[in-house]
Amino acid sequence: MDIHKDLNAESLLSYYASVMTYLEEETRYYRSKRKRRRLATNALRTGAIVSVGAGILLPLLGDFPAWLLQQPNAGPREGMAWAYVAVATGALLLLVDQVFTVSSSWARFMVTELQLNAVKYELQFAWAKHYPTTVSLPPGSRHARAMLDTLQKAKLRAHGIIEAETSTWVSQLDKARAALDEKIGAYGAPPRVR
């Protein structure tokens, strides 16, 4: 069965609408993910900076009233416990960022979104250039088949872009997991409690 035999302007328009819907949905998906991950990146990094800053300042500020009042035995020890908690929180936030590749993912999503937009714009221009000629041709013409090939190539190219992004993501997760395993292994096994 030759699907090109009945290929006409109406069926090409239907295929075009299908491919454009696919491209628009994927672009919207990556734009949404990019915005959320960028916000998460900013929150994680800001939280880490604030936590580490608090860890540095807590011992000093926590004992400031005691120093001001010149109380005997007052020293920078009382704020130390909270300082350790703050620094550990900052380190944990950076670890979450590294393990879940939050910082690198928003940039990856932005590149994917831009590439999908490029495919969409190229298809729109090719369609605007060649579709008017297709309307007047008989069904199954060579020009109609060429337009169908253009649609197929655009969809396959978009799929390849998404596949490459997913492969990069998997690779980044594997590298982050391996780095974490290496760091944990560097400290050795935890001591056993008897």
Side-chain angles (χ1 to χ4, degrees), residues 1-50 92-181:
M1 179 175 152
D2 184 17
I3 64 164
H4 296 110
K5 182 177 69 168
D6 297 324
L7 191 62
N8 59 22
E10 186 178 320
S11 59
L12 275 175
L13 194 57
S14 174
Y15 290 135
Y16 173 76
S18 171
V19 172
M20 286 303 293
T21 299
Y22 172 76
L23 289 170
E24 288 167 1
E25 287 174 354
E26 291 300 323
T27 302
R28 200 171 18 252
Y29 171 77
Y30 280 100
R31 183 179 308 118
S32 169
K33 286 183 76 167
R34 173 182 52 89
K35 288 179 179 179
R36 286 188 307 225
R37 287 296 177 108
R38 188 166 188 181
L39 286 173
T41 296
N42 290 340
L44 285 170
R45 290 190 174 177
T46 301
I49 290 168
V50 168
L92 182 63
L93 290 172
L94 291 175
L95 180 67
V96 166
D97 182 32
Q98 181 182 7
V99 170
F100 294 106
T101 65
V102 178
S103 295
S104 62
S105 64
W106 76 265
R108 195 178 66 243
F109 295 150
M110 181 177 61
V111 168
T112 303
E113 177 191 351
L114 291 172
Q115 290 174 335
L116 289 172
N117 272 329
V119 171
K120 182 172 68 171
Y121 297 144
E122 286 172 15
L123 179 59
Q124 286 173 331
F125 284 117
W127 189 260
K129 183 177 177 183
H130 298 291
Y131 181 73
T133 309
T134 307
V135 175
S136 61
L137 295 174
S141 69
R142 185 169 17 141
H143 188 76
R145 289 193 300 266
M147 286 301 296
L148 184 62
D149 288 342
T150 300
L151 292 170
Q152 180 185 20
K153 287 175 186 173
K155 181 120 183 209
L156 290 175
R157 192 165 151 221
H159 181 72
I161 290 167
I162 293 167
E163 187 176 353
E165 184 277 325
T166 303
S167 296
T168 302
W169 172 64
V170 169
S171 173
Q172 286 178 346
L173 280 178
D174 286 343
K175 287 178 184 175
R177 183 192 51 78
L180 184 61
D181 288 347

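For the atom pair CG (Leu148) and OH (Tyr16), the distance works out to 14.5 Å, reported to the nearest 0.5 Å. Ile162 CD1 to Gln115 CD: the interatomic distance, rounded to the nearest 0.5 Å, is 10.5 Å. If you take CD on Glu24 and OG1 on Thr27, they are separated by 7.5 Å, rounding to the nearest 0.5 Å. To the nearest 0.5 Å, the span separating NZ on Lys120 from CD on Glu113 amounts to 9.0 Å. Rounding to the nearest 0.5 Å places CZ of Phe100 at 10.5 Å from CG of Leu44. For the atom pair Lys155 NZ and Thr150 OG1, the distance stands at 15.0 Å (nearest 0.5 Å).
With contacts defined as side-chain heavy-atom distances shorter than 4.5 Å, the pair Trp106/Asn42 does not qualify.
Leu93 approaches Gly47 most closely through the heavy-atom pair CD1-C, 3.3 Å. The two residues Val119 and Ala154 have their closest heavy-atom pair at CG1-O, 3.5 Å. Residue Ala126 comes nearest to Met147 through the heavy atom pair O-CE, 4.3 Å, listed as atom of the first residue, atom of the second, then distance. Of all heavy-atom pairs between Tyr15 and Leu151, the closest is CB-CD1, 3.6 Å.
Residue-environment remark: NZ (Lys33) exceeds the threshold of 12 foreign heavy atoms within 6.0 Å. More than 12 heavy-atom neighbours from other residues, nucleotides or ligands sit within 6.0 angstrom of CZ on Arg31.
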Can Met110 and Leu114 be said to form a side-chain contact (heavy atoms from CB on, under 4.5 Å), step by step? CA-CA 6 Å; Met110 181 177 61; Leu114 291 172; 4.3 Å; yes
Could you walk me through whether Ser32 and Arg28 satisfy the side-chain contact (heavy atoms from CB on, under 4.5 Å) test, starting with their C-alpha distance in whole Å, then the side-chain angles of each, then the deciding distance to 0.1 Å, before giving a yes or no? CA-CA 6 Å; Ser32 169; Arg28 200 171 18 252; 5.9 Å; no
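Side-chain N/O atoms of Thr168 and Arg108 include no donor and acceptor closer than 3.5 Å.
If you run side chain to side chain contact (heavy atoms under 4.5 Å, CB included) between Leu116 and each of Tyr29, Tyr30, Tyr22, only Tyr30 comes through. Residue Phe109 is tested with Arg38, Arg36, Glu165 for a side chain to side chain contact (heavy atoms under 4.5 Å, CB included); the sole match is Glu165.
In this structure, Thr21 contributes its side chain and Ala17 its backbone to a donor-acceptor pair below 3.5 Å.
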